[in-house]
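Have a look at the structure below before the remarks.
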There are 2 protein chains.
Amino acid sequence: MRSEILPTGQRSFIEEARRAQIIAAAIEVIAAGGFAKASLAAIAKHAGISKGVISYHFAGKDELMEEVVNQIYDTIAERVLTSMKGQETATELLRTQVLSVAGHMRGHRTQLQALGEIFHNLRDAAGKPRYGVQSSEELYTSLERLYELGQRTGEFRSFDIRVMAVTHSAAIDAMFEYWVVHPEHDLDAHAIELADLLESAVK
Amino acid sequence: MRSEILPTGQRSFIEEARRAQIIAAAIEVIAAGGFAKASLAAIAKHAGISKGVISYHFAGKDELMEEVVNQIYDTIAERVLTSMKGQETATELLRTQVLSVAGHMRGHRTQLQALGEIFHNLRDAAGKPRYGVQSSEELYTSLERLYELGQRTGEFRSFDIRVMAVTHSAAIDAMFEYWVVHPEHDLDAHAIELADLLESAVK
DNA sequence: CTAAAATTTGGCCATGCGGTCAGAAATTCT
DNA sequence: AGAATTTCTGACCGCATGGCCAAATTTTAG
């Protein structure tokens, strides 16, 4: 038994490596068979370890799932925000956001599939979604700032920025899900088309 | 034991009523607690009957779920298609589709919540989604016809109708999910705003 | 080298699941 | 009425799940 709970920063390298290995296995199992089939036994088997190891390194299945979400979410947020740093106008920001997310998708299909599965399926003890629309609030306000900037500078017409943010976010998710089901679909072309579409919608 | 399997049209009124009662109970249980908590036991308890009755009237849980989907889907399709009958131009059709779906949502929140749960969660024996993006093909082609009409008449600009259809569909779904999580949100206003947004996107 | 601590194993547990069934109850038929 | 059929009940089955733990093993510390 680990003698005490340590803050994240004080975990040993070995422990951190094991946790990362388990998280990676969880992502692959979830993406391959869906959330419902991603049992601790299945994840452990895929990682080549005993089931108890997961219980040893994570407080429970819920903590494991939240760590999976955190890791994936941090990765994409960092990439997209970085790529948007250089842009000035709201139009540039809008197009860059869409294209940069799409660019991330191609290299992280499995991770984003797992993320979607957990978002749609993970529930708290009361049966309410752990993630879901309400946990997208941060993303919505971020997109709202983008559209509000465009309205302030006169680039964009007048419209409801909340509806626009919700729609924008849904359009991105749909692009990904469509591409997952139809791998031959041209993701880049879809992204460019979507950027055109959103730009046209607000001008 | 029922002596034989009869075609749908030859089921007795009593049996049809029981099936409808069970389907209604299933919808309420799924909407209230999510797909994962909607066990046969929970559905039976909510309907005030024994669990075995469900097995007696349905071949299994999967058949029950498909009947739930069929009933809900038929209801909404009929309403929306009917409301679009009177319209002529692609712009009118577009706006009517969005507003009529939103109108349906307010009176059928529970049913559509259950529909979404089943769509996102029901899997076949191999673990692949029973419904999902690929089962939206019919809806996509229907929306594509609408947009293609607008392009042919010159109402709409040139764009990829498949990307537009996928985005349109996702925007509708997102509007519903956002409203479910934020019941105080003005659904009608959102629908009008979305219709403006889509119209602006294609003109 | 030895003792202590950390890590892993493999089996066990209670719980809940979908599905089944014999017999009871209700309904329909003659 | 009584017999035949349909419907319902409540208990039961095999199975999978997440979590747990004593003992075995490996790593670290003195």
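FYI, side chains are in, hydrogens and waters are out, and symmetry mates aren't considered; it's all heavy atoms of this structure. Lettering follows sequence order; numbering is per chain, from 1.
- Taking atom OH of A:Y56 as the reference point, atom C1' of C:dT9 lies 13 Å away to the nearest angstrom.
- C:dT9 atom P lies 15 Å from atom NZ of A:K45, rounded to whole Å.
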List every contact pair, protein side and nucleotides 14-17 of chain D side both N or O, where the distance is under 3.5 Å.
{"residue": "D:dT17", "atom": "OP1", "partner": "A:S39", "partner atom": "OG", "Å": "3.4"}

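- A:F119 pairs by the ring pair (Phe, Tyr, Trp, His ring centres under 6.0 Å) definition with A:Y131, not counting sequence neighbours.
- Pairs passing the side-chain hydrogen bond (donor to acceptor under 3.5 Å, both in side chains) check and including a residue from residues 162-175 of chain A, sequence neighbours excluded, read A:Q97-A:H168, A:E137-A:R162, A:E144-A:R162, A:Y147-A:H168, A:R162-B:Y178.
- A donor-acceptor contact shorter than 3.5 Å links the side chain of A:Q151 to the backbone of A:F159.
- Residue B:K51 places no side-chain atom within donor-acceptor reach of the base of D:dG10, judged by atom type and a 3.5 Å distance cut-off alone.
- Here C:dG10 presents its P atom at 14 Å from CD1 of A:I54, a figure rounded to the nearest Å.
- Sequence neighbours left out, the pairs with a member in residues 36-46 of chain B that pass side-chain hydrogen bond (donor to acceptor under 3.5 Å, both in side chains) are B:E28-B:H46.
- Proximity note for B:H57 (side chain, C-beta onward) versus D:dC8, C:dG11, C:dT8: the nearest is D:dC8.
- Among the nucleotides D:dT9, C:dT9, D:dT7, the one closest to any side-chain atom of B:S50 is D:dT9.
- A:E63 has its CD atom 11 Å from the P atom of D:dG19, to the nearest Å.
- Between the side chain of A:E117 and the main chain of A:G34, no donor-acceptor pair closer than 3.5 Å is present.
- Phosphate proximity of D:dC8 to B:R18: present, with a side-chain N or O under 4.0 Å from OP1 or OP2.
- Rounded to whole angstrom, the span from the CD1 atom of B:I22 across to the P atom of D:dT7 amounts to 12 Å.
- In terms of polar N and O atoms assigned as donor or acceptor, the side chain of A:S55 never comes within less than 3.5 Å of the base of D:dG19 in a complementary pairing.
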Under 3.5 Å, which donor-acceptor pairs link side chains of residues 196-203 of chain B to any protein atom two or more places apart or in another chain?
{"residue": "B:D196", "atom": "OD1", "partner": "B:R95", "partner atom": "NH1", "Å": "3.0"}
{"residue": "B:D196", "atom": "OD1", "partner": "B:R95", "partner atom": "NH2", "Å": "2.9"}
{"residue": "B:E199", "atom": "OE1", "partner": "B:R95", "partner atom": "NH1", "Å": "2.6"}
{"residue": "B:E199", "atom": "OE2", "partner": "B:K203", "partner atom": "NZ", "Å": "3.2"}
{"residue": "B:S200", "atom": "OG", "partner": "A:S200", "partner atom": "O", "Å": "3.1"}
{"residue": "B:S200", "atom": "OG", "partner": "A:A201", "partner atom": "O", "Å": "2.9"}
{"residue": "B:K203", "atom": "NZ", "partner": "B:T91", "partner atom": "OG1", "Å": "3.3"}

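- When rounded to the nearest whole Å, the span between CG of A:D62 and P of D:dG18 equals 10 Å.
- B:F35 has its CZ atom 12 Å from the C1' atom of C:dC17, to the nearest Å.
- Comparing B:G52 and A:G52 by the nucleotide of DNA chain D that holds the closest heavy atom to each, the one mapping nearer the 5' end is B:G52.
- Taking atom CD on A:Q21 and atom C1' on C:dT8, their separation rounds to 12 Å, with Å as the unit.
- Residues that satisfy the salt bridge (charged side-chain N to carboxylate O under 4.0 Å, His left out) test with B:E78, not counting sequence neighbours, are absent from this structure.
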